[in-house]
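Both ligands and their constituent atoms are indexed starting at 1 by order of listing.
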Amino acid sequence: MELQKASLRKIGEYIIRRCEKEDLHHVASINWTSLPEHYSSYFFESSLNELPEAFLVVEKDRTVVGYTMCRIEYGLSVFHKFRIARKGHIISLAMLEQHRRKGLGKNLVEEALQALKDRGCSEIFLEVRVSNLSAIELYKKLDFKIISRIRWYYRDGEDANMMGRLL
Ligand SMILES: CC(C)(COP(=O)(O)OP(=O)(O)OC[C@H]1O[C@@H](n2cnc3c(N)ncnc32)[C@H](O)[C@@H]1OP(=O)(O)O)[C@@H](O)C(=O)NCCC(=O)NCCS
């Protein structure tokens, strides 16, 4: 019998667990249907190889219905001027539409934040479209603040809010 994959968190019928290589085509498909920013399969795979602890999926009935993908960067701190920091970066987050507003996105990000903290990150940041009010609300609920506005960040010319918080 196939062993149950280790879950990090259970929310009703859903589980949050680490992404595995065989999940990546589901992740790519959720990405395609949910966001205008798409990535190559090479990018998904190398993100998983680099930081499997913070590449997480939500699963229901053995089907992947959401994901988040992160990486770690070194550079100037977003919060402390002139200081170098080890920063977590949320690259992508999405839930299939029919599974939204169940608290899953929030739980997913909370698990990713813990994983990044465990990997020594002292802060976290991300970019989000200024029009993406649902995601901005979610991040605010997790104590992220808007740090700056990045003009023309997206290909279609939309601005991004850079949001972040200390871990
Ligand atoms: C953003 C997204 C991941 C949220 O996932 P979710 O599982 O629906 O979010 P949650 O149910 O955990 O919501 C947590 C909180 O975020 C806020 N929120 C989420 N969706 C919202 C919406 N449509 N309108 C207003 N607030 C919203 C609320 O404060 C919510 O808490 P509440 O339900 O108690 O009011 C999901 O809408 C999505 O996949 N969107 C398309 C992809 C995307 O925009 N990704 C983010 C890119 S930066």
Treating E123 as the side-chain partner and V78 as the backbone partner, does any N or O pair qualify as donor plus acceptor under 3.5 Å? yes
So, is M95 polar-close to ligand 1, with some N/O to N/O distance under 3.5 Å? yes
Can you pull out the closest protein heavy atom to atom 18 (N) of ligand 1? Residue, atom name and distance to 0.1 Å, please. S134 O, 3.7 Å
What is the closest protein heavy atom to atom 28 (C) of ligand 1, and at what distance does it sit? R101 NH2, 4.0 Å
So is L35 polar-close to ligand 1, meaning N/O to N/O under 3.5 Å? no
Using atom types as modelled and distance alone, determine if a side-chain donor or acceptor of K140 lies under 3.5 Å from a backbone N or O of I146. no
Has R100 got a side-chain atom pairing as donor or acceptor with M95's backbone, closer than 3.5 angstrom? yes
Are there more than 12 heavy atoms of other residues, nucleotides or ligands under 6.0 Å from atom CD of E73? yes
Test your reading of the structure: does S34 have an N or O sitting under 3.5 Å from an N or O of ligand 1? no
Suppose we measure from atom 12 (O) of ligand 1 to each protein heavy atom; which comes out shortest, and what is that distance? K106 N, 2.8 Å
Which protein heavy atom lies closest to atom 15 (C) of ligand 1, and at what distance to 0.1 Å? K141 CD, 3.9 Å
What do you reckon, does N132 have a nitrogen or oxygen under 3.5 Å from a nitrogen or oxygen of ligand 1? yes
Taking only non-hydrogen atoms of A135 and a 4.0 Å limit, the atoms of ligand 1 in range are 1 (C), 46 (C)
Mind checking whether L93 has an N or O less than 3.5 Å away from an N or O of ligand 1? yes
Sub-3.5 Å donor-acceptor pair from the side chain of N161 to the main-chain atoms of M163, do we have one? no
Under a 3.5 Å threshold, yes or no: a donor from one side chain and an acceptor from the other, between N31 and S29? no
Taking atom types as modelled, is there a side-chain donor on Q114 or D118 under 3.5 Å from an acceptor on the other? yes
Any nitrogen or oxygen of H99, side chain or backbone, less than 3.5 Å from one on ligand 1? no
Any donor and acceptor pair, going by atom type alone, linking the side chain of D159 with main-chain N or O of W152 inside 3.5 Å? yes
Is the closest N or O pair between K102 and ligand 1 shorter than 3.5 Å? yes
Without hydrogens or angle criteria, can the side chains of S92 and E37 be said to hold a donor-acceptor pair below 3.5 Å? no
What class does the angle between the rings of Y67 and F55 fall in, given that below 30° is parallel, 30 to 60° is tilted and above 60° is perpendicular? tilted
Donor-acceptor pair, T68 side chain versus V57 backbone, under 3.5 Å? no
If you scan protein heavy atoms around atom 38 (C) of ligand 1, the nearest is R100 NE, 3.3 Å
Can you find an N/O atom of G105 closer than 3.5 Å to an N/O atom of ligand 1? yes
Using a heavy-atom cut-off of under 4.0 Å, does the side chain or the backbone of Y139 touch ligand 1, or both, or neither? side chain
What is the nearest protein non-hydrogen atom to atom 11 (O) of ligand 1, stated with its residue, atom name and distance? G103 N, 2.8 Å
If you have a sec, work out which protein heavy atom is nearest atom 13 (O) of ligand 1 and how many Å separate them, to one decimal? L138 CD1, 4.3 Å
